[in-house]
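Protein chains get the first letters and strands the later ones, always in sequence-line order, with residue 1 at the start of each. Below, each value reflects all heavy atoms present in this structure, side chains not excepted, and no hydrogens, waters or symmetry copies.
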There are 2 protein chains.
Amino acid sequence: MKQILILGAGRSASDLISYMLQHAEENDWQVTVGDISVDTAEMKIGGHPRGKAVYFDCYDEHIMRRHINGADIVISLLPPGMHAAAAKIALEYNAHVVTASYASKEMREMDAEAKRRGLTFLNELGADPGIDHMNGMRSIDKILSKGGDLRSFTSFCGSLIAPESNDNPWGYKFTWSPMNVITAGDGGARYYKNNKLRCIPYHRLFADPQIVHLPGFGKFEAYANRDSIPYRKKYQLDDIPTMIRATLRLPGFCEGWNALIQIGLTANNYRIDGSEKLTHREWVSSYLPEQGGRTLEETLAQFLQTDQSSELMQRILWTGLLSDRPITRENGTPAEILLDLLLDKWQFKSGDTDMLVFYDRQEYQLDGELYEHISYMVTKGKDHLHTAISRTVGLPAAIGARLILQGKIKTRGVILPLDKEVYDPILNELEELGIGYSVIENRIAKSQMMYS
Amino acid sequence: MKQILILGAGRSASDLISYMLQHAEENDWQVTVGDISVDTAEMKIGGHPRGKAVYFDCYDEHIMRRHINGADIVISLLPPGMHAAAAKIALEYNAHVVTASYASKEMREMDAEAKRRGLTFLNELGADPGIDHMNGMRSIDKILSKGGDLRSFTSFCGSLIAPESNDNPWGYKFTWSPMNVITAGDGGARYYKNNKLRCIPYHRLFADPQIVHLPGFGKFEAYANRDSIPYRKKYQLDDIPTMIRATLRLPGFCEGWNALIQIGLTANNYRIDGSEKLTHREWVSSYLPEQGGRTLEETLAQFLQTDQSSELMQRILWTGLLSDRPITRENGTPAEILLDLLLDKWQFKSGDTDMLVFYDRQEYQLDGELYEHISYMVTKGKDHLHTAISRTVGLPAAIGARLILQGKIKTRGVILPLDKEVYDPILNELEELGIGYSVIENRIAKSQMMYS
């Protein structure tokens, strides 16, 4: 009997746990789920005879060792900073490792030892990073194998709310880590466009979003996603003129969020002494020019160079930022105060459906002609537990773990899902599970190229 | 014989060391100077029979203990984060402590134990913090003692280059920690103005400097200095309507620095992968709008909404930011790349003279009339070793240490130089040493109030 240890039973673990339990009988697996909340782990196992819930604290090395010792594979959905600690112990006890997070330097340094011990540490196998890597590499391999010369690689992804649950003027709810949404992009963004490095500082990141049309799904906005530069090397496209990764939002979001950044409400690097003595209105007013005889609403509209009746103003007023509601956070950072407010307003409620949107576009040259290769996918959550996030983060990791245990992934060491051996069976099975891409391939004129 | 231990022999220690040695014979002191560079410590002691240079590494607890054990007083000019570690050991071995840095939480927590042991841990006794505290409290106490009702407290301080050494269009050189200059203000600023909290985010901090006139010294610019809010409590002016601390620069600096922030060149929270492959011109170009047919100079001028021939453009071009000189820093942060460039351009050279400028202004009401109380001081360095920074940081600490050793400062525990017992003798002696304030007191009309 193979021992599977799943670390973390939170929101993105539901489908991972379900999948491993569904396949447990036929493969003779024992599935142990460790979480700081044993109740959550038990709830997600749902009494399955092959499942076992245990108390797990990733800050307690003794507890970590106790459970990793004896596991054949460890699937870690721990906080990003904790994977490497778990992987170090897995190395010692000869267990494979699967994560849905970026491979840290510490993780990558275990490559030689993992190889030596015949272990596979498969990282970045979730939604983004994960599905984006796999579909990107499948597209690239397809184009290269027929002799195409890649001119641009652009990849867009967004965790959004489904149209039927979209009931607010931002078109947004917290479908994943709220604080990450508040501070998103605070390190600016870098990418390559037409062979030129482009750097976008944080205070301009949301100011000029790119518009993306998805056939059948309408318009989305995109802002550049952190650092796209290393992806040239990662995807072995060292000289590709354009390499852009970006995040999708519904139209209007970026204009609204840019306004909050311009006002100064998203900073997380200082505390406001005595914030608990202010109302939200007083707080926002402290960032705006002096009012003189004007109302705060007039002052804000003028600061944002918009009309008081504009959609932008309506969006901001809807948040309650200009309300007399008191701030409860003591000595909070701006980001914390904004978080407290938006947690209510953007709550992902029971009954709400989330939606993951992926859109990739490559341009390439072949036999003197230009082509675009577009692949896109929109997938919605099934219910409040089996959300689109849980499915797109958990299922790739689950399938990857199964393939390792069944000996179908043979590459050893610290790897990413960039090779056909890994991405092909995973993408195929995801498609069977209803998470499949649509592909459009067109010959285009030079004037139709997004980048030149 | 009393044992004095000075930790750190760097730029701001010269006058501290000279002062303690000058007073060593008459007080029967032994002055030990510890530094990671024994040569520097020896050079600054200059063969004085009462001085001794020792190797000191504040990251080596054994070495710390060895030297602190036996000292009567420890004067720490270590990096700000290391004072508390030295103070903890001083507590154990019953030594007083003097620092020129902000009292950290860790430091303040030693208050009860220091009191119990009859020790004085006197912090924030340098230039800023230090001289600003003492002159501020002297002004406040003077106004309060005659029954004045304080309406505003504003305090400005700048470490600048003297007019005779000002030979560049920024009016600035690195007279103190260069990296602190590059990242200055990155946490924005907060203050109170007319009973209203004002918050200024980083990307607007240098955009609208206040102009300050110093009688006989001309115009300066001021940008708000971090968090002024706690100073209401610190100075026991809990309800004062206006409390602003700000940093002084020569005219034009803020406009130039604001341009660098708007472009995005001062960020220190991300690295540019492969920065060593770029020229400065390519790097700056990556932050600016696409050029189309324009030159980079035209693009930059348009981005900054200025003319190509403006002083602002001349200031930026002078730095070499648009030159074809290659970047040497590997995977640098923007702040690091900018630092490397400016280290050459803004070098404080042998023969250069620095200048500390202090300007305080209080407004108060007395018997139905309004008054302004202005105190200001401009002090220049004597030579390249005895700079204005070294004198204004080191001499207050030196005098404070002498007063503690002579039993003239009797308050025990972790304290700041806010009480008359401390600030009066120190300010008086500083004045004898040529570091004295000029004071102007005027009755003013309501219309002349800077704040109302």
Point to revise | Straight-line distance of A:L342 CG to A:M179 CE, nearest 0.5 Å | key: 11.0 Å

**Study point:** Residues, nucleotides or ligands: over 12 heavy atoms within 6.0 Å of A:E297 CD
**Key:** yes

Point to revise | Heavy-atom check, side chain of A:T333 versus side chain of A:N269, under 4.5 Å | key: no

Practice item. Using a cut-off of under 4.5 Å on heavy-atom pairs, state which of A:D186, A:I200, A:I263 scores highest against chain B. Key: A:I263

Check your understanding: For the residue pair A:Y235 and A:H133, does the interplanar ring angle fall in the parallel (under 30°), tilted (30 to 60°) or perpendicular (over 60°) class?
Key -> perpendicular

Exercise for review: Grab the two heavy atoms, one from B:S155 and one from B:D132, that are nearest each other, plus how far apart they are.
Suggested key: OG-CB, 4.2 Å

Review point. Are the charged groups of B:E290 and A:K196 less than 4.0 angstrom apart, N to O?
Key: no

Exercise for review: Could you look at B:D227 and say if it's the side chain, the backbone, both or neither that has a heavy atom under 4.5 Å from chain A?
Suggested key: side chain

Check your understanding: Are side-chain heavy atoms of A:I140 and A:M137 found at a separation under 4.5 Å?
Key -> yes

Review point. Hey, which residues of residues 320-327 of chain A are touching chain B, say heavy atoms under 4.5 Å apart?
Key: none

Exercise for review: Using a strict cut-off of less than 4.0 Å between a Lys/Arg side-chain nitrogen and an Asp/Glu carboxylate oxygen, indicate whether A:R245 and A:D128 qualify as a salt bridge.
Suggested key: yes

Exercise for review: Determine whether A:E363 and A:L370 make a side-chain contact, defined as any pair of heavy atoms from C-beta on separated by less than 4.5 Å.
Suggested key: no

Point to revise | Parallel, tilted or perpendicular: rings of A:Y202 and A:F206 (30°, 60°) | key: perpendicular

Point to revise | Residue A:R271 versus chain B: region with a heavy atom under 4.5 Å | key: backbone

Practice item. Provide the closest heavy-atom pair for B:L265 versus B:L338 in the form atom of the first, atom of the second, distance. Key: O-CD2, 3.7 Å

Check your understanding: How about residues 276-288 of chain A versus chain B: which residues have heavy atoms under 4.5 Å apart?
Key -> A:L278, A:S285, A:S286, A:Y287, A:L288

Revision key, fill the gap. Whatever's closer than 4.5 Å to a heavy atom in chain B on A:R190 counts as side chain

